[in-house]
Amino acid sequence: MSVVIKDLSAHIGESVALEGWVETTRSHGKVAFLILRDGTGVVQGVVLKKAVDDATWEAHGSLTQESTARVVGRVKQDDRAPGGFEVEVESLEVMALAEEYPIQPKEHGVDFLLDHRHLWLRSSQQRAGLKVRSEVQQAIHDFFYRRDFTRIDTPILTGSIGEHAGTLFETDYFGDPAYMAQTGQLYVEAACPAFRNVYCFGPTFRAEKSKTRRHLTEFWMVEPEVAFADSEDNMRLQEEFVSYLVERALENCAEELKVLERDTSKIDHVKPPFPRLSYTDAVARLTERGHDVTWGDDLGASDEAVLTEDYDLPLFIYNYPKEAKAFYMKENPDDPRTVLCDDLLAPEGYGEIIGGSQREDDLERLRERIREEKLPEEAYAWYLDLRRYGSFPHSGFGLGVERTVAWITGRHHIRELIPFPRLMNRLYP
RNA sequence: UCCGGGGUAGCUCAGUUGGUUAGAGCAUCUGACUGUUAAUCAGAGGGUCGUGGGUUCGAGUCCCACCCCCGGAGCCA
């Protein structure tokens with residue numbers, strides 16, 4: 001009977017077969033150990049020379065790090081074993097001997113590890129981080145499914161433009177330029193009148209030459225769009241959404257967060273409502289603290305760091321100046337210098353995890369904004385149609401998955417929270 | 001793009017005011033060991049000192065140019 005390691009506790013006293021990768025071996029002459037990983041867990045095997053035949057003893061001696069092996073043995077409780085139980089090996093068969101494995105259970109530099117990302121995935125902390133990512137992704141779908149949102153898959157190849165022309169990846173599309181999507185937002189807006197509440201979830205691409213721990217050139221973003229919702233509704237949805245993602249990770253990834261040495265007391269109280277600060281009040285507070293900010297400037301990384309220091313919850317900053325934000329955001333009727341929008345800043349310096357806004361639903365004002373920003377009006381013709389044929393108040397936001405998972409797991413750099421990160425100077429492996 | 005740091009063994013690093021044969025730990029290989037948890041102990045092999053040029057009797061070390069990496073800024077999720 002072949003079983004997986006995570007189910008071993010149900011087989012104590014039985015003889016079982018396991019298949020997996022050898023993490024390490026230790027030999028003591030007449031007793032030897034191996035650590036076997038099978039993707040569901042890790043277990044120690046014990047080989048006693050007098051208890052096995054020569055073929056098994058020699059097979060164990062030939063094992064190298066990351067070789068694959070099939071082990072048959074009896075599951076035994078033993079306090080000396082990591083995890084509380086171990087496998088007393090009866091026979092061992094090598095499936096494939098691995099060549100000298102480059103990644104050791106020691107320290108390595110970032111560049112080396114990223115060059116070996118295809119192997120680095122097997123390391124315990126990387127497995128834990130990506131497991132949390134997987135759980136968060138599932139939680140994203142569950143959250144919206146339960147609230148009756150329809151998932152809309154938006155195109156990755158686009159002819160029109162999302163936000164900032166300068167940071168688009170361009171490719172050839174049968175002789176015409178095409179661009180890798182920076183956002184699915186304009187398309188989910190188009191799906192709203194068909195399904196009311198919708199969301200898209202997929203990779204997005206930004207050709208920004210950013211070299212910080214918060215940036216990737218390819219990252220995953222989830223973008224809900226809600227019909228008949230204003231900016232207030234939007235922020236309420238955001239705080240409920242983020243709280244749910246954190247809750248799911250705490251519930252289903254306790255083991256992984258432990259492997260990652262995450263101090264969960266920093267996130268276990270993340271529940272609505274989140275603190276809110278208007279842009280104007282934020283500028284006033286920064287000025288009080290001696291920061292050199294003038295009203296109208298976008299907030300910099302150090303500004304955000306100072307503001308979030310005051311809270312142990314994510315912080316909303318809302319209603320930024322028009323000039324600092326995208327053309328499609330709705331003008332604030334109470335202060336036309338600003339737009340109805342919000343950024344959600346994660347605590348502990350993880351920065352902006354959400355950008356959201358109520359959308360401009362007035363055809364003429366939207367057209368004006370496109371002209372002000374000097375965007376090619378013809379590319380947005382279909383988007384303007386949405387205001388022409390049954391315009392409606394609506395709001396939405398985009399949440400960056402890697403930044404969110406980095407914050408939940410407490411990892412320093414978001415590149416570890418995507419299986420194969422794409423960075424400014426890295427397209428391999 | 002700008003600012004700062006760096007590139008020496010498979011990996012992580014040390015290398016003095018320029019000086020003879022460039023070192024350590026880990027990994028690998030060989031041997032010892034019946035309870036290891038990153039096992040330990042003994043031994044062995046392993047180097048285009050990022051690349052090119054220059055100064056010098058002599059350069060890993062000093063000078064110039066270039067390449068690459070890391071951290072940060074800007075921009076953003």
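Hydrogens, waters and symmetry mates play no part in the numbers below; they use all other heavy atoms, side chains included. Naming: A, B, ... by sequence-line order, numbering from 1 per chain.
Across all strands shown, B:A44 forms a Watson-Crick or G-U wobble pair, both distances under 3.5 Å, with B:U28. Remark: B:A14 base-pairs with no nucleotide in the shown strands. Criterion, Watson-Crick or G-U wobble with two distances under 3.5 Å. Judged by Watson-Crick or G-U wobble contacts below 3.5 Å, the nucleotide B:U1 has B:A73 as its partner. In this entry B:C62 has B:G54 as its Watson-Crick or G-U wobble partner, both defining distances falling under 3.5 Å.
For the pair A:Asn425 and B:C68, the criterion of a side-chain N or O lying under 4.0 Å from OP1 or OP2 is not met. Contact between the side-chain N/O atoms of A:Arg403 and the OP1/OP2 oxygens of B:A77 is not found at any separation under 4.0 Å. Side-chain nitrogen and oxygen atoms of A:Arg214 include none within less than 4.0 Å of the OP1 or OP2 phosphate oxygen of B:G74.
Of the two residues contacting RNA chain B, namely A:His108 and A:Gly29, the nearest-nucleotide position lying further toward the 5' end is that of A:His108.
Side-chain proximity of A:Phe112 to the nucleotides B:G72, B:U12, B:A27 is greatest for B:U12. Ranking B:C76, B:G74, B:G72 by closeness to the A:Ser210 side chain, first place goes to B:G74. Comparing B:G71, B:G35, B:A39 by their closest approach to the side chain of A:His413 singles out B:G71. Closest to the side chain of A:Thr212, from the set B:G35, B:G74, B:A77, is B:G74. For A:Asp111, counting side-chain heavy atoms from C-beta on, the closest listed nucleotide (B:C69, B:G71, B:U36) is B:C69. Nearest to the side chain of A:Arg26, among B:C70, B:U37, B:A77, sits B:U37. Considering only the side chain of A:Glu352, B:C76 comes nearest among B:G71, B:U36, B:C76.
Atom P of B:U40 sits at a distance of 12 Å from the matching atom of B:G25, rounded to the whole Å.
The ring of A:Phe201 has its center no closer than 6.0 angstrom to the ring center of A:Phe144. In this structure, the ring of A:Phe195 has its center no less than 6.0 angstrom from the ring center of A:Phe149. Annotation: A:Phe112 is in aromatic contact with A:His108 [ring centroid separation under 6.0 Å].
Residue contacts for A:Gly351: at a heavy-atom cut-off of 4.0 Å it reaches no nucleic acid atom on any strand shown. A:Lys50 comes within 4.0 angstrom of a base, heavy atoms only. Residue-level contact check: A:Glu23 touches neither bases nor backbone, having no heavy atom under 4.0 Å from any strand.
A:Pro429 and A:Phe420 make their closest contact through O-CD2, 3.9 Å (heavy atoms, listed as atom of the first residue, atom of the second, distance).
Put simply, A:Phe219 rests on the base of B:A77: the two rings are less than 5.5 Å apart at their centres and nearly parallel, under 30°.
A salt bridge (charged side-chain N to carboxylate O under 4.0 Å, His left out) with A:Glu331 is found for exactly one of A:Arg369, A:Lys322, A:Lys325, namely A:Lys322.
Between atom CE of residue A:Met424 and atom CG of residue A:Leu216 there is a gap of 13.5 Å, rounded to the nearest 0.5 Å.
Residue-to-nucleotide contacts include no donor-acceptor pair under 3.5 Å from the side chain of A:Gln104 to the base of B:U12. Residue side chain A:Glu86 reaches the base of B:G35 through a donor-acceptor N/O pair under 3.5 Å, judged by distance alone.
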